[in-house]
Number of protein chains: 2
Amino acid sequence: MKVSSKGEYALRALLVLGENHGKVVSIQEISERTLVTVNYLEQILLKLKKLGYLESKRGTNGGYILKRNTSEINIGEVIRVLEGPLSPMGCASITKYKACQLEPTCQLKPLWSLVRDTIAYVLDQTTLEDLLENRLTFIKGDDLLGFKRTN
Amino acid sequence: MKVSSKGEYALRALLVLGENHGKVVSIQEISERTLVTVNYLEQILLKLKKLGYLESKRGTNGGYILKRNTSEINIGEVIRVLEGPLSPMGCASITKYKACQLEPTCQLKPLWSLVRDTIAYVLDQTTLEDLLENRLTFIKGDDLLGFKRTN
DNA sequence: TAAATGTTGACTAAAGGAGTCAACATTTAA
DNA sequence: TTAAATGTTGACTCCTTTAGTCAACATTTA
């Protein structure tokens, strides 16, 4: 159930850029603060730019700037675009559903669906701002009950 | 955040054996019911045997038998032994903690911890019996609040 | 004793993860 | 105007994991 380095590093970079909202930050500096090599960051930042999270400025004093507001950057979304679906299994994925021959009578699918829903619930409610302020989304018990299969 | 085929197939096999509790089921039959090749199942069943979930009977009419009671087989445990920690990141893993240089000031670790706790909460409360009876663990809201960081 | 099974370990092929590198394009400060 | 500092792009490599396959062997029972 791992998150890959790309997802982790992307979030690290977004945190650095979020702390410097409005300011241009060079790859070099992001590299120092995230402990990710410049070369590898290039790949990741470029992808985040193409996805609309960042803007770039070339030349001397160039770098990257956060485009959106930190409260509008959803962690679940970032992880999905960088790593694919949150679901542990294709059969339970909403964004990339994959059929399975056993599905009609599968006793595991409800479990995978529950896991997916739970992960999605946590990550989709968390924004970059929440992380910057060390404030994780408070999950109301009743909300949680709402989407759970209990029969 | 994927579960590998080994974890999925192991659970499929356990479900077949759970349905036939007390009876010997041949690899051949498990293969037919799970759609996993006999050769691959051998690996997986042997591992489950070594871990104490199954017993085997050799020779004609041989096969595997579920050793423990279905209500005593914990899904979180099965996934951990076959796939490793549930945590999406080493820094948030309890069973296989991995240090990280950024940890003292890391703004991501609380997120990974929350994800880990949530996944573990769901899987550790689910037993093979629950799956067989299509009854997923009912998660009380108050219980859930208890382990959540909310500051 | 032959056939049906489990046991074990070596092997392989493909995919994904984690980066590296180099040539290039653009901007800005000197 | 030019050199230095950056971002851009794509090809490339190395490693690990995943997902099996296969074959020789051991044991049991009809």
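Atom set for the values below is all heavy atoms of this structure, side chains included, hydrogens, waters and symmetry mates excluded.
- For the segment residues 53-64 of chain A, residues with any heavy atom less than 4.0 angstrom from an atom of DNA chain D are, sorted by number, A:S56, A:K57, A:R58, A:G59, A:T60, A:G62, A:G63, A:Y64.
- At least one donor-acceptor pair under 3.5 Å links the side chain of A:T118 to the backbone N or O of A:L114.
- The stretch residues 88-108 of chain B does not touch DNA chain C, since none of its heavy atoms comes less than 4.0 Å from the strand.
- B:L46 and B:L54 fall within the same hydrophobic cluster, defined by Ile, Leu, Val, Met, Phe, Trp and Tyr side-chain heavy atoms under 4.5 Å apart, directly or through other members.
- Taking atom CG of B:N39 as the reference point, atom P of D:dT21 lies 6 Å away to the nearest angstrom.
- Screening B:I44, B:V78, B:L131 for a side-chain contact (heavy atoms from CB on, under 4.5 Å) with B:L14, the sole residue that qualifies is B:V78.
- Formation of a donor-acceptor pair under 3.5 Å by the A:K2 side chain with backbone atoms of B:S87 is found in this model.
- Pairing each heavy atom of B:K67 with each of B:G52, the nearest pair is CD-O, 3.6 Å.
- When all heavy atoms are compared, the tightest approach of B:I75 to A:L111 is CG2-CD2, 3.8 Å.
- Along DNA chain C, read 5' to 3', the first and last nucleotides having any atom under 4.0 Å from a heavy atom of chain A are C:dA18 to C:dA29.
- Along DNA chain C, the nucleotide closest to B:E42 and the one closest to A:V3 are compared, and the more 5′ of them pairs with B:E42.
- B:L45 and B:A13 make their closest contact through CD2-CB, 3.9 Å (heavy atoms, listed as atom of the first residue, atom of the second, distance).
- Here the options are B:D130, B:T127, B:T126, the test is side-chain contact (heavy atoms from CB on, under 4.5 Å), and the partner is B:R135; only B:D130 passes.
- Contacts of A:K49 with the nucleic acid, taken as non-hydrogen atoms under 4.0 Å apart, involve only primed sugar atoms and P, OP1 or OP2.
- Nearest heavy atom pair, residue A:T95 against residue A:R80, reads CG2-CD, 4.1 Å.
- By the rule that hydrophobic residues join a cluster once side-chain heavy atoms approach within less than 4.5 Å of another member, A:L108 and B:V81 end up as members of one cluster.
- Contact between B:L17 and B:Y64 at its shortest, heavy atoms only, is CD2-O, 3.3 Å.
- A heavy-atom distance below 4.0 Å to DNA chain D is reached by these residues of residues 8-32 of chain B, ordered by number: B:Y9.
- Among pairs with a residue in residues 10-26 of chain B, those fulfilling side chain to side chain donor-acceptor pair (under 3.5 Å) read B:E8-B:R12, B:E19-B:R33, at least two apart in sequence or across chains.
- If you measure from atom CD of A:Q43 to atom C1' of D:dT13, you get 12 Å, rounded to the nearest angstrom.
- Rounded to the nearest 0.5 angstrom, B:L128 CG and B:E72 CD are separated by 11.0 Å.
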Notebook entry, point to check: Tell me, what's DNA chain D's dot-bracket, Watson-Crick or G-U with both distances under 3.5 Å, | for other-strand, [ ] crossing?
Noted result: ||||||||||||||||||||||||||||||
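- Residues A:L51 and A:R68 share a closest heavy-atom pair of O-NH2, 4.3 Å.
- Residue A:I30 holds its CD1 atom at 11.5 Å from CG of A:L15, rounded to the nearest 0.5 Å.
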